[in-house]
Amino acid sequence: MSIKIEKAGLLTTIQDTGRYGYQKDGIIVSGAMDATALRIANLLVDNNENEAAIEVTLVGPKIRFHENHLIAITGADLAPEIDGEQVQMWRPVYVKAGSLLQFKGPVNGSRAYIAISGSIAIPKVMNSYSTYLRAEFGGLNGKALQAGDVIPCKDPATDILALLKKRGLTNSDKAFIEVKWKLAPQLYPAYEENPTIRVVKGTEYELFSESSKSYLWKEKFQITSQSDRMAHRLQGVNLSLQEDTELISSAVTFGTIQVPAQGSPIILLADRQTTGGYPRIAQVITADFSQLAQIQPGKIVRFTEVTLQQAQQLYVKQEQNIEQIKRALDIKRS
Amino acid sequence: MTLNDVPLFKMFPLGDAAIVLQFGEEISLSIHNKVKAVAAHLDKYPFWGMIEYVPAFTTVTIYYNPWVISEKGNYNPYEKVVDIVLDLMTHVEEEEGLAPRVVDIPVCYGGEFGPDLEFVATQNQLTPEEVISIHAGAEYLVYMIGFAPGFPYLGGMSHKISAPRKETPRTVIPKGSVGIAGVQTGVYPIETPGGWQLIGRTPLRLFNPFLDSPSLLKAGDTVRFVPISKEEFNERKEQVYEH
């Protein structure tokens, strides 16, 4: 089985939940920018949540399905259509052979995920399917998807037709059939256009000037168009240290907010380097990674502080939501 | 001696899913040896809920899964991970992981491979030959791997051959390039933009994503640069390196 990319889109890549275990060798984590959306997309089509899926950025690709497939689209609303008809997100969709998936344009958020039941048949590199663009490995030959690419797919883990019956689907002349239910909205991320992002204080927070510290909480920052999978580059008031301090490089992570000497903060994302030497004023909490990854260039972000304990409670809550989704799907499957 | 005999490390969180162990505030061999010992211990005894760790000059950062560590929310994840780390630190032997591995890196200096060799020489009132003999005459310690896959941060370069970064970084630095920036020297394992002064190139492949151990160099290794001719470079380029 396979699907064909007929138009590339802005940046369409194969990702999973990330390449872990090799950061000590300087190998970046990569993976989905909105990992929660990718995990849920996989669960909706009965895949393991860590399977490979397609990440679509702002301007979507055109994808032709050569066989019948069960897919799910999650993440940003980029107005997906199959054969010209709007298709619902956050639920399984049965797509008939020959039909074409495309995206009209961003309504809300930046990145959508397409999971295919059975998943994509590509080899893992260093235990991950994620595309590492700069080092040119992972994904489909280490590259962003291009027009003409054919992506081999595995057979679905479950019998799709049997599944359709169980999920209350009837015959239809349409190019696709949606299930009639969708996930409860409180179980998956909501994306605000100009969000307030929750952070804990960063390792070097106290080294910043008093005014910089107060700007962080009071001011708004714009996500510039120089932002990419590596980082959001912000623009707004400049932040500075009380005095020049040369830091010794150490590890950074998704959501680390670092401030280079020129004063504009940078928020590290999926394709971040493994280590850094800039002062870290704050750290975005994991529960807000989805929201963070989905902010469009040009939009405004503000920051608010939570404690580490609150951050970890919210982390646990997010995982409980995923567990609840799994249980709900198990019930629908049985 | 165990690391716990002296209160020589600090712990603090890096966000809600990582903890940093810091062993000092400067780059030194003794701090590096502690980092190395903890890394070797974590390789042998990874704990349940640990995802991976990243050693750096003065720190070891351990990434963990709060959901797993907290047993699905039954404990405070950070407090739990602090307990685990305090306990494992009592078992870390500083001798762990100390046996140094020496890696020779053949380098063809100057010419098309080292377009900035003359600049580095002029900058230090030396001849290019003197720069080569100083650069190849030292042993270097791999303090950490970062910046790019397999890129070593090396300590031990002589101040006599230091040189500032280029004002305008090159958009492409070829794979295998050996460079100098300030008092640091390093080798570029993949093609990437960069501002280092390039003095030579190695035919050795420092990074291979399809090997179990993708990076040739590891934190703690000792590196020596061995000058080779252009002919040798071309010969060795043909060889397939499996490390």
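All figures in this text were calculated on a predicted structure; none of them were measured in a lab. Naming: A, B, ... by sequence-line order, numbering from 1 per chain.
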Interchain contact, B:Glu25 with chain A, by part (heavy-atom threshold 4.5 Å): backbone

Pairs of heavy atoms under 4.5 Å with chain B: top-ranked of A:Ile28, A:Thr253, A:Asn127: A:Thr253

Over 12 non-hydrogen atoms of neighbours within 6.0 angstrom of CD in B:Glu26: yes

More than 12 heavy atoms of other groups within 6.0 Å of B:Lys166 NZ: yes

Max heavy-atom pair count under 4.5 Å with chain B, selected residue of A:Thr256, A:Ile248, A:Leu314, A:Val125: A:Ile248

Minimum-distance pair of heavy atoms, taken over all atoms of A:Gly21 and B:Glu52: N-OE1, 2.8 Å

Heavy-atom closest contact (B:Gly146 atom, A:Thr274 atom, distance): CA-OG1, 3.8 Å

Toward chain A, the part of B:Pro193 with a non-hydrogen atom under 4.5 Å: side chain

Taking every non-hydrogen atom, the tightest pair across A:Lys24 and B:Val54: N-CG2, 4.3 Å

Toward chain B, the part of A:Gln309 with a non-hydrogen atom under 4.5 Å: side chain

Nearest heavy-atom neighbours spanning A:Thr203 and B:Pro13: OG1-O, 4.4 Å

Euclidean distance, A:Glu136 CD relative to B:Glu191 CD, rounded to 0.5 Å: 8.0 Å

Chain A contacts, top residue of B:Ala39, B:Ala18, B:Pro66 (heavy-atom pairs, under 4.5 Å): B:Pro66

4.5 Å side-chain heavy-atom contact, A:Tyr132 and B:Pro209: no

Chain B contact via A:Val252 - side chain, backbone, both or neither, heavy atoms under 4.5 Å: backbone

Rounded distance (nearest 0.5 Å) linking atom CD1 of A:Ile285 with atom CG of B:Asp16: 6.5 Å

Region of A:Phe137 in contact with chain B, defined by heavy-atom distances below 4.5 Å: side chain

Best-contacting candidate, B:Phe57, B:Tyr63, B:Tyr153, against chain A by heavy atom pairs under 4.5 angstrom: B:Tyr63

Proximity breakdown for B:Ile27 and chain A, heavy-atom pairs closer than 4.5 Å: both

Spacing of NZ belonging to B:Lys72 relative to CD belonging to A:Gln320, to within rounding of 0.5 Å: 10.0 Å

A:Tyr22 side, atom OH; B:Ile145 side, atom CD1 - distance, nearest 0.5 Å: 15.0 Å

Min side-chain heavy-atom separation A:Gln312-B:Ser70 under 4.5 Å: no

CD on A:Glu323 to CH2 on B:Trp67, rounded to 0.5 Å: 4.5 Å

More than 12 heavy atoms of other groups within 6.0 Å of A:Asp330 CG: yes

Pairwise side-chain contact, B:Phe207 with A:Asp25, heavy-atom cut-off 4.5 Å (strictly under): no

Any B:Val20 side-chain heavy atom under 4.5 Å of A:Ser250 side chain: no

Heavy-atom proximity to chain A below 4.5 Å, by part of B:Asp43: side chain

Contact winner vs chain B - A:Gln283, A:Glu319, A:Lys317, heavy-atom pairs under 4.5 Å: A:Glu319

4.5 Å side-chain heavy-atom contact, B:Leu14 and A:Arg280: yes

Minimum-distance pair of heavy atoms, taken over all atoms of A:Thr286 and B:Ala17: OG1-CB, 4.5 Å

Heavy-atom pair of closest approach, residues A:Val200 and B:Gly15: CG2-CA, 4.1 Å

Straight-line distance of B:Tyr78 OH to A:Thr307 OG1, nearest 0.5 Å: 13.0 Å

